[in-house]
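Each remark here refers to the structure printed beneath this line.
Residue numbers run from 1 in the order of the sequence given. The figures that follow rest on heavy atoms only: side chains count, while hydrogens, waters and symmetry mates do not.
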Amino acid sequence: MGSTRRTGRTRSRATSVAACAAALAALTAVPAQALEPERPVPHWELKDTGTPETRFRGLAAVSRTTAWVAGTGGTVLRTTDAGATWRNVSPPGAGELQFRDVEAFDARRAVVLAIGEGEASRVYRTDDGGATWTESFRNTDPKAFYDCLAFFDHRHGLAMSDPVDGRFRILSTGDGGRTWKVLPDEGMPAAQEGEAGFAASGQCLVTSGPKDVWLATGGAARARVLHSADRGLTWTAADSPLPAGDPARGVFALAFHDRARGLAVGGDYRPDQPSPRAAARTSDGGRTWRPAATPPPAYRSGVTWLPHSRTAALAVGPTGTDLTTDAGRTWRTVDTGSYDTVDCTPDHGCWAAGEKGRVARLEH
C-alpha cells in the first residue's frame, strides 16, 4: 500500500534491491579506481522539482514512478513519471503553512499535515490527485502542536501532537482522513519535562500491520519510543540510547520491518554539535533498544527498510545517506548529499527529499 511509511515489508526473497544494497556496501569497501568503469552503480539521482526555495520534509513514495512530497510554503508536488516532471498540487490558500508529512494511498488519494501551534496544525485530503483539497481537521487547542501522520490501511490512521496537559495527544481517523477525533489520553504515559516529537521527516509516528504504532520523542532527559498495539488507545514507553538531555536531541525517525524489528535514528540536529549513538535497533517491538555498534557519523532525520530485505535499510540526514546491511548493527555512509526523509516501495522504488527542492530516486 502506498499510504504508510514503508515499515511492514516481511518478504525476504532475493531481489534487485537486495543486490542494490550489497552493491552500495561494496562501494564503500573498495577504491574508486578498482571499480569497473561500465558497471552500473546504485546512486541517488536528483530530480528537478523546479522549487529551489522549498524544503521537503514530507514524502510518500507510492511506486517507482509515483511519489508525493510536501514542504514549506504550503507546497505539495506529485510525480507520476518517475520524477521527470512534477505537478504543483498545493492546496489553495496554504502558502503560510508548513507541511511536514504526507501519506498517499495512490496517485490520486493523499493526506497532508501542516504543523504549528494552534490553528497552524491542519490536515487536508485529496481524492483527485491534488486538483481539489478538503480541510478535514484544524486544531483549535493553542497548547497542541501536531508533528506526524501514519496510516495502518486505507481507512485507519493517527496523527500525534506534542504533549497537552502532560500527555501526548493522538488524533484518530477511521475513514481515510476525512474526519478526525481526539482519542482519550488515559492510556498514554505521562510525558517528561520538555518532551516532544520532531516534525523533521514525517517519521516520528509509524505503523506496522493492522494495529501496531510507535511514537518517537526527544527534548527531555531521555529519548523514548512509545508503542501502542491497539491503534493508539493504550501505550507503553521505552528508553532509547540515542542522545538526549537537550531540546535539540532525541529520536527523530523510526522504521519497523514488522511488529518486532525496528530502527531508530536521530541525534542532535544542530550542525555544530556531534551526534554519537545516532542509531539504535530493536527486535522485540520496541520494548528494548540497543545502540548500533557502528552508528551513522552524524545526525539522521529519516530511515526506511529496503524492500524485501530483512537486513538492509537507509538512513538520511543533512550530511549524507547511510546504509546498513545487518539490520542496524553497523552503518556506513554511501552518499554525502543533503536529505531529510526517505521512503521505499515494494516495487523497488526508493525516494529521498530535503532542502532546496531536492528530491531524488535511487537508480540502479
| Do T217 and L215 touch side chain to side chain, with heavy atoms closer than 4.5 Å? | yes
Discussion item. Checking the side chain of R178 only, and the main-chain atoms of D175 only, is there a donor and an acceptor separated by less than 3.5 Å?
Written reply: yes
Residue pairs meeting salt bridge (Lys or Arg N to Asp or Glu O under 4.0 Å), one or both in residues 348-358, sequence neighbours left out, come to none
*Would you indicate whether the side-chain heavy atoms of L306 and L314 approach each other to under 4.5 Å?*
yes
Quiz item: Does the side chain of S172 pick up a donor-acceptor pair with the side chain of W180 at under 3.5 Å?
Solution: no
Assess the residue pair D343 and T345 against the criterion (side-chain hydrogen bond (donor to acceptor under 3.5 Å, both in side chains)); give the C-alpha distance rounded to whole Å, side-chain angles, the decisive distance to 0.1 Å, and a yes or no. CA-CA 7 Å; D343 195 15; T345 64; over 6 Å; no
Taking NZ, NE, NH1 and NH2 as the nitrogens, is one of them in R361 or E45 under 4.0 Å from a carboxylate oxygen of the other?
no
Worksheet entry | T311 side chain to T325 backbone, donor-acceptor under 3.5 Å | yes
Expected list for residues 272-281: side-chain donor-acceptor pairs under 3.5 angstrom, two or more places apart:
{"from": "S275", "atom 1": "OG", "to": "D268", "atom 2": "N", "distance (Å)": "2.8"}
{"from": "S275", "atom 1": "OG", "to": "D268", "atom 2": "O", "distance (Å)": "3.2"}
{"from": "R277", "atom 1": "NE", "to": "P241", "atom 2": "O", "distance (Å)": "2.9"}

Taken to the nearest 0.5 Å, the spacing of T321 OG1 from Y339 OH works out to 6.5 Å
So the salt bridge (Lys or Arg N to Asp or Glu O under 4.0 Å) pairs with at least one residue in residues 198-226 (sequence neighbours excluded) are E195-R224, D212-R259, R222-D239
The side chain to side chain donor-acceptor pair (under 3.5 Å) partners of E53 (sequence neighbours excluded) come to none
Salt bridge flag under 4.0 Å for residues K47 and E363: yes
Under a side-chain separation threshold of 4.5 Å, the hydrophobic residues clustered together with Y299 are F198, F252, Y269
All N/O donor-acceptor pairs, side-chain side in residues 162-169, below 3.5 Å, sequence neighbours left out:
{"from": "D162", "atom 1": "OD1", "to": "G197", "atom 2": "N", "distance (Å)": "2.9"}
{"from": "D165", "atom 1": "OD1", "to": "K143", "atom 2": "NZ", "distance (Å)": "2.8"}
{"from": "D165", "atom 1": "OD2", "to": "K143", "atom 2": "NZ", "distance (Å)": "3.4"}
{"from": "R167", "atom 1": "NH1", "to": "M188", "atom 2": "O", "distance (Å)": "2.2"}
{"from": "R169", "atom 1": "NH1", "to": "D141", "atom 2": "OD2", "distance (Å)": "3.0"}
{"from": "R169", "atom 1": "NH2", "to": "D141", "atom 2": "OD2", "distance (Å)": "3.4"}

- Whether over 12 other heavy atoms sit under 6.0 Å from E117 CD: no
Would D147 and R100 pass as an ion pair if we require N to O under 4.0 Å? no
Correct closest heavy-atom pair for G232 and L183 would be O-CD1, 3.5 Å
The ring-ring contact (aromatic ring centres under 6.0 Å, His included) partners of H227 (sequence neighbours excluded) come to W214
Taking every heavy atom of T207 against every heavy atom of A150, the minimum-distance pair comes out as CG2-CB, 3.7 Å
Contacts of T75 meeting side chain to side chain contact (heavy atoms under 4.5 Å, CB included) (sequence neighbours excluded), chain-then-number -> T54, F56, L77, S90
So the salt bridge (Lys or Arg N to Asp or Glu O under 4.0 Å) pairs with at least one residue in residues 287-306 (sequence neighbours excluded) are R300-D322
By side chain to side chain contact (heavy atoms under 4.5 Å, CB included), A238 pairs with (sequence neighbours left out) W289
Contacts of W235 meeting ring-ring contact (aromatic ring centres under 6.0 Å, His included) (sequence neighbours excluded), chain-then-number -> none
side-chain hydrogen bond (donor to acceptor under 3.5 Å, both in side chains) between T333 and D335: does it pass, once the steps are laid out?
-> CA-CA 6 Å; T333 302; D335 185 90; over 6 Å; no
Between S338 and P318 the two heavy atoms that sit nearest each other are CB-O, 3.2 Å
By side chain to side chain donor-acceptor pair (under 3.5 Å), W133 pairs with (sequence neighbours left out) none
Interatomic distance, OG1@T126 vs CZ@R109, rounded to 0.5 Å, equals 11.0 Å
**Message:** Quick one, V76 and F99 - any side-chain contact, counting heavy atoms below 4.5 Å?
**Reply:** yes
Q | Exam field: side chain D101 to backbone L149, donor-acceptor pair closer than 3.5 Å | A | yes
Going through the checks in order, is the side chain to side chain contact (heavy atoms under 4.5 Å, CB included) test met by W351 and T79? CA-CA 12 Å; W351 298 78; T79 183; 3.9 Å; yes
